[in-house]
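Residue numbering restarts at 1 for every chain, and letters A, B, ... go by the order of the sequence lines.
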Amino acid sequence: MSSIKITFPDGNIREYPAGTTALDIAKSISEGLARKVLVAKVNGEVRDAFRPINEDATLQLLSWEDKDGQAAFWHSSAHLMAEALESLFPGVKFGYGPPVENGFYYDVDLGGRKIGDEDLAKLEKKMTELAAQNNAYVRKEISKKDALDYFGKKGDEYKVETINELNEGEITFYQQGNFTDLCRGPHIPNTGFIKAVKLTNIAGAYWKGNENNKQLTRIYGVTFPKQKELDDYLKMLEEAKKRDHRKIGKELEIFAFDDDVGPGMPLWLPNGAIIIEQLEALAKKTEEAAGYHRVKTPHIARESMYLKSGHLPYYAESMFPPMSLLAESVKKAERPINKEEIKKELFAGDLTPEKIDAVFDQLLKAREDLPQDRYYLKSMNCPHHHKIFDAVPRSYKDLPLRLAEYGTCYRYEQSGELFGLMRVRSLNMNDAHIYCTEEQFASEFRAVNDMYLRYFKIFGIDKYVMRFSTHAPEKLGQKYVNEPELWKKTEDMVRRVLIDAQIPYIEVPDEAAFYGPKIDVQIWSVIGREFTLATNQVDFAQPLRFGLTYTTRNNQTETPICIHRAPLGTHERFIGFLIEHYAGNFPVWLSPRQVSILPIADRHVEYAKSVMEKLKAQRIRVMLDDTSEKIGKKIRDAEVKKIPYMLVIGDKEQQEGKVSVRKHGEGDKGQIAVDDFVLALSQEAAIP
RNA sequence: GCCGAUGUAGCUCAGUUGGCCAGAGCUACUGAUUUGUAAUCAGUGGGUCGGGGGUUCGAAUCCCUCCAUCGGCUCCA
C-alpha cells in the first residue's frame, strides 16, 4: 500500500497510508481531537472528515469553532430535521435545506397539510431522539439514472428537478439512519454531535425563490453541540430584542404608528423630531462645507415628469396610485359635476364608507371621457432636482452643481415588507444630486465616499459592507436602460474610484438601479436583518432623458453625469438604526433630552430653576423633576429615560453654587460649579 | 402580495373546558410625605377585549371576514 504526505497548518508533514481519513489522522494525534472534528479542509476544499484521502494533501481539521465546521454541523442538522419530518409526516417532499448564518432551514412540501407551532415541539423531540441514535452520515456517489430513479419512485419532483440540473459524475447521496438525501455535502461524522435542538419558526418560501413558483413551507432551526450553547444563544436573542428600535422608540417616545394615519407612516413625536433636526443640522453643516446648495421641491408631480424620467414603467407598482384631476382644458360648462349636489349628498345622514365610495365613483365616472391630469406622490427627488438644473442655463462654470434636499418621498412598499422604521412608506431622504462633467466624476464620487466615512466615524459605525451593484448585460432594455457603452464606462469609473481609495467592497452583478451602477452601504438591524443604509448612485440615463445640458468652455453643448447620493439614507431608517446602535443611549448632541435636574427637596427647586435657565440659555435640552419623590426615584426615572446627565441639587450644592453630576449608566461624578458644567456641556452638545 | 403566528387599560401581562358588573403591576391623576444617587405610602381614574358579522340562553373565549403587527419569502429607485 502506497503512502501519502499530509501537510498540517503548522507546516509539519507526516506520512499516512493512502485511503486514510481525516478522522483517522485526528485519532492518531489524540482521541480528544478526534471527538471534536466535524469536517476537514483537504487541499483547501471542505470535505467529510470520514472521506478517504488518496493523495498528498494539506489538511486542516475543522471543529465547531470554525465557520465551515459550524456550517457542516447545521447542514447535517437540516438532514436530521428532514428525517424527523419524514417520520412524522410520511410523503413529505423536500426542496433545499442549507445552513444559514444562524442555523439552517429546510423547504418542504407538506402536500397541503398545515403545520403550526405545536408541530415544532414534536419535531424537536423526534430530532433529539434520532440524534441520540448516533447514526453515521454515509456518502455515496451515484449515477444520474439511479438518482433519478430513487427520487422518481419516491415521488419527490423537487429533487428530480434538481438532479436534472446536475451533470453525471457530480451527484452524491448522503444517508443517515432511515433518511437518504441528494446532497453535495460535506457532513459531520454522525448525528451524535447534535445535542441541543431549537426549531425557531415556520415561513413560506417560494421554490427557487421565484414568486411564480409554488410556495413551500420553510422550517428554520438551530442546533448546538451543547445545551448550554443553545441557552446562551436564546439569551442573546432576548438581549437583542431589548435593543429593538420598535421597543425603545416607543419607550422613549420617539415615534409612533397609528392605523388611521396608515401603515408604514411614522409619526415623529417631539423627541424623534429633535433627533431628526440634529441629524439634519449635521448634514447641513457637512454639506455646506462641501459646496452643496439646498433646494426645496413639492411632494407631487405630474405624470409627464415620471414618464420623462423613466421611473413609471420601471416602478409604477411601488408608487402610490395617481390622483386624477380634470385637465385645465376642460371648460367649466363641460364639467359634469355638480358640486352642490355632491355636498348635499355627503352631508345628509351618516357618512359611511359606502357613501364615500358612491360619491367618488360618481366623480370618476363623470370624468371618464374627459382629459385627465394625473399627479403622483414623489417616490424620489431626482426628477424634481433635474428640473432645478434645467431651470437656469448652465455652463461648465456651474459644475459640479450639488443640489441637496431632505425631501419627503412616498413609496407603496408591499404590506409584508413594512418593518418598524426600517422599511416605511413615507420617508425623508438625506438626498442630493451632483451634476458634473466626466472629468469631475471621479473626484466627486470619491468625495461622496469620503463623506460617508466621515459620518460613520462620527456615529462609530464600523460593521458595514460596501456593495457595488452592476448591471446584467442580458437585461439591457428591460431592467436597465439600453446604453451598453455607458454602463461599461461608468462601472469602470466607479470600480477605479473604489480601488484607488482602497475601500473594501463586494461586487454584485444585476443589482444596479435602472439608470446606472451604484454603491450601497449594507448594515444589519439588531434582529439580524440586512438593510441598505446609504446609497451612492451613478446616473447617465436621466440627464439624457431630461435633456439636461451645459455649455462647455468651447461653447459646445454637453450632457452632465449625475450622482445620486444619500449618505444617511432615509432619516427613518437611519434613526431606526441609531436607536439600536446606541441601544437608546444617544450621545449628548443627539439625545432628545440632555439634562434632568433633580432637586432633593422643595426648598431646592428655586435654585434648580436658576440652573435650568442657565442651561436653557445655551439651548441645552433640560427638564426639571420637581415632583415630591425621593431622590432615588427621581434618579431611576431619569435613568430609565436614558437622559445623559442628571444634576442632583441639595443644600450643599445650593450653598456653594454647584451641582452634583450623575452620568447615565455610569453614576455619581461628583460636584462641579454650575458655570463650569454649562460650559463643558455646551461643548459636548455641539454638532460634530 | 404569499406562508405562519399574534392582537385584552398608555406599557408589560393574567383571564382554566364559553357562565356573576374583565383582573394585576407599572404609568397617569389626587393627597400625605420633604426625602442625598435606580422604585415612599394611600386613594382615584382608565378597557367598543383590533373592527365587522355569525353560532349560542350566554362570547375576550368557538366560526367567518376585514384591519394592523410580528417571523420569514418575494420586493427594495
Side-chain angles (χ1 to χ4, degrees), chain A residues 100 105 107 110 114-117 119-120 200-220 241 244 246-247 250-251 253 256-260 262-264 306 309-311 314-315 317-319 353 378-383 409 411-420 422-423 429 431 469 511-516 518 520 527-532 535 537 539 542 564 566 573 598-605 627-640 646-653 660-670:
Chain A
V100 289
Y105 66 78
D107 286 345
L110 294 160
K114 292 240 169 176
I115 179 170
D117 288 346
D119 298 302
L120 292 186
T200 45
N201 57 54
I202 304 170
Y206 303 103
W207 171 233
K208 292 184 168 171
N210 186 331
E211 213 178 345
N212 302 315
N213 285 346
K214 181 164 180 178
Q215 188 160 49
L216 306 179
T217 303
R218 174 171 295 182
I219 305 174
Y220 280 89
K241 271 191 197 152
D244 193 315
R246 291 166 297 187
K247 183 174 157 61
K250 192 184 275 180
E251 286 167 356
E253 298 179 16
F257 289 95
D258 187 287
D259 277 5
D260 286 332
Y306 297 111
S309 73
H311 282 97
Y314 289 97
Y315 296 112
E317 266 182 42
S318 53
M319 292 175 76
K378 69 177 172 185
S379 60
M380 71 301 292
N381 301 305
C382 37
C409 297
R411 297 180 181 178
Y412 191 71
E413 303 285 2
Q414 297 186 70
S415 61
E417 276 312 324
L418 302 174
F419 179 76
M422 304 300 255
R423 194 77 180 269
M429 297 228 280
D431 213 0
S469 300
E511 292 276 321
F514 75 86
Y515 45 66
K518 60 175 180 174
D520 292 326
I527 303 293
R529 243 153 86 168
E530 180 176 345
F531 289 95
T532 298
T535 186
Q537 312 176 343
D539 182 357
Q542 289 193 58
H564 305 231
R573 187 173 292 178
L598 316 176
I600 300 277
D602 285 350
R603 64 178 178 279
H604 309 122
V605 168
T627 57
S628 60
E629 291 289 348
K630 299 212 286 198
I631 194 66
K633 167 71 167 164
K634 292 185 182 184
I635 286 171
R636 188 189 140 76
D637 285 348
E639 289 282 357
V640 168
M646 288 151 271
L647 301 182
V648 177
I649 287 172
D651 291 334
K652 279 178 282 179
E653 291 80 3
S660 279
V661 178
R662 183 188 163 101
K663 219 169 165 179
H664 168 62
E666 294 181 24
D668 196 352
K669 293 287 171 187

Sugar-phosphate only, base, or nothing, as touched by Ser318(A) at under 4.0 Å among non-hydrogen atoms: base

Glu317(A) atom CD: more than 12 heavy-atom contacts under 6.0 Å: no

rU37(B) OP1/OP2 closer than 4.0 Å to side-chain N/O of Lys652(A): no

Short side-chain N/O contact from Thr217(A) to OP1 or OP2 of rC3(B), under 4.0 Å: no

N or O in side chain of Lys630(A) less than 4.0 angstrom from rU34(B) OP1/OP2: no

Residue mapping more 5' on RNA chain B - nearest nucleotide basis, Val661(A) or Tyr220(A): Val661(A)

Nucleotide nearest Asp602(A) (side chain, heavy atoms from C-beta), chosen from rU34(B), rG36(B), rU40(B): rU34(B)

rG36(B) base / Glu653(A) side chain donor-acceptor hit below 3.5 Å: yes

Enclosure of Tyr315(A) OH (heavy-atom neighbours >12, cutoff 6.0 Å): yes

Sugar-phosphate, base or nothing in reach of Tyr515(A), heavy atoms under 4.0 Å: sugar-phosphate

Nearest-nucleotide 5' precedence on RNA chain B, Phe531(A) against Ile635(A): Ile635(A)

Pairing partner (Watson-Crick or G-U wobble, both distances under 3.5 angstrom) of rU30(B): rA42(B)

Nearest-nucleotide pick for Ile631(A), side chain only, options being rA77(B), rG71(B), rU37(B): rU37(B)

Lys634(A) (side chain) donor-acceptor with Thr627(A) (main chain) under 3.5 angstrom: yes

Lys250(A) side chain, from C-beta outward: closest of rA77(B), rA39(B), rU12(B): rU12(B)

Proximal nucleotide (of rC3(B), rU69(B), rA38(B)) relative to the Leu418(A) side chain: rU69(B)

Aromatic stack Tyr315(A)/rA77(B): centroid gap under 5.5 Å, interplanar angle under 30°: yes

Sugar-phosphate only, base, or nothing, as touched by Glu211(A) at under 4.0 Å among non-hydrogen atoms: sugar-phosphate

Base rC75(B) paired with Arg423(A) side chain (donor-acceptor, <3.5 Å): yes

Sugar-phosphate only, base, or nothing, as touched by Ile202(A) at under 4.0 Å among non-hydrogen atoms: base

Base of rU34(B) paired with side chain of Ser628(A) (donor-acceptor, under 3.5 Å): no

Sugar-phosphate, base or nothing in reach of Gly632(A), heavy atoms under 4.0 Å: sugar-phosphate

Among rU12(B), rC75(B), rU35(B), the one nearest Gln414(A) by side-chain distance: rC75(B)

Tyr515(A)/His311(A) under side-chain contact (heavy atoms from CB on, under 4.5 Å): CA gap, chis, key distance, verdict: CA-CA 9 Å; Tyr515(A) 45 66; His311(A) 282 97; 4.3 Å; yes

Euclidean distance, Met380(A) CE relative to Tyr306(A) OH, rounded to 0.5 Å: 6.0 Å

Closest listed nucleotide, where the reference is the side chain of Phe419(A) and the choices are rG71(B), rA77(B), rA32(B): rG71(B)

Given rC76(B), rC73(B), rA38(B), the nucleotide with the shortest approach to the side chain of Ala205(A): rC73(B)

rG71(B) phosphate, OP1 or OP2, under 4.0 Å from Arg218(A) side-chain N/O: no

Phosphate contact (rG71(B) OP1 or OP2) by Arg246(A) side-chain N/O below 4.0 Å: yes

Touch class at under 4.0 angstrom, heavy-atom based, for Ser660(A) against every strand present: base

